[in-house]
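Counting starts at 1 for both ligands and their atoms, in listed order. Everything quoted here is computed from the prediction, not taken from an experiment.
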Amino acid sequence: RNGGGIIQTWLNRHHLLYSKAIKHPFILSIRDGTIDISSFKRWLGQDYIFVREFIPFVASVLVKAWRESEDGLDIEVILGGMASLNDEISWFKKEGSKWDVLLYGISPQKANQDYCRFLERLMGSEVGYTVAITAFWAIEAVYQESFSLCLQNGTRTPAELMETCQRWGNNEFGQYCQSLQKIVGRRLEKASEDILRKAEEAFVCVLNHEVGFWDMSCGEL
Ligand code: HMH
């Protein structure tokens, strides 16, 4: 069985939902410069809360890799992800003060809460490494693909939002997502039908949560 082929099958099968997550009106409005800054600020504050929750999730994936993977390189890729999250937290604080967004007083909105609850379920020890790393890859890949759209030639991304788009849209982050995708492909090659089904389900859940998160950022509760 070919793991990369399975991912391609998923991408084809869920193409519409995938496009909705990648080319959401929120991203398209950054790309064409029509973004409402209050939406951007809402996104910034909510994403900070999300990333705080994402850290223990990534740590749980690391522990699963250590338990279940024979490949030591997996650990290094995930550790690289944790290192960039460390950087990300500092960036959010800096960006928060730049936009006058108080990162401490805010509470998570419904879509964010739902997404964080999904992450918490994935942290459980009954969820195996293959399913967890699949979700992890999908979460990173959606941001990478979305924000890289805003960096293409001919787009009108506002200068003051370039740093945000660079953060997730840059090539290095793209390489890291490719490394995650390779790990997922290798795991899927060896997975049982049951695990394959659960991994695909996790992939679809991530896409739905990402769409919900963008909707929330646009102000559609
Ligand atoms: C909602 N999805 C969301 N926030 C993020 N920061 C990422 C993905 C990527 O890390």
Looking at S107 and I49, what are the two nearest heavy atoms and their distance?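 Heavy-atom minimum between the residues: C-CD1, 3.8 Å.
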Mind checking whether V51 contacts ligand 1 via backbone (N, CA, C, O), side chain (CB onward), both or neither, at a 4.0 Å heavy-atom cut-off?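 Side chain only.
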Look at atom [atom1] of [X] and say whether more than 12 heavy atoms of other residues, nucleotides or ligands are closer to it than 6.0 Å.
| X | atom1 | result |
| --- | --- | --- |
| D194 | CG | yes |
| E172 | CD | no |
| W66 | CH2 | no |

To the nearest 0.1 Å, how far is atom 4 (N) of ligand 1 from its closest protein heavy atom, and which atom is that?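 The closest heavy atom on the protein side is D47 OD1, 2.7 Å.
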Find all atoms of ligand 1 within a distance of less than 4.0 Å from any non-hydrogen atom belonging to F50, and give their numbers and elements.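 So the answer, numbered in order with elements, is 1 (C), 2 (N), 3 (C), 4 (N), 5 (C).
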Under 4.0 Å from a heavy atom of W168: give me the atoms of ligand 1 that qualify, with their elements.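 This gives 6 (N), 9 (C), 10 (O) as the contact atoms.
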Any salt bridge between E201 and K198, counting N to O under 4.0 Å?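 Judged by the 4.0 Å cut-off on N to carboxylate O distance, E201 and K198 do not form a salt bridge.
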Option whose closest heavy atom lies nearest to atom 8 (C) of ligand 1, chosen from M216, E140, E210: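 When every heavy atom of M216, E140, E210 is considered, E210 comes closest to atom 8 (C) of ligand 1.
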Say whether Y143, considering both its backbone and side-chain N or O atoms, lies within less than 3.5 Å of an N or O atom on ligand 1.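 N/O-N/O distance below 3.5 Å exists for this pair.
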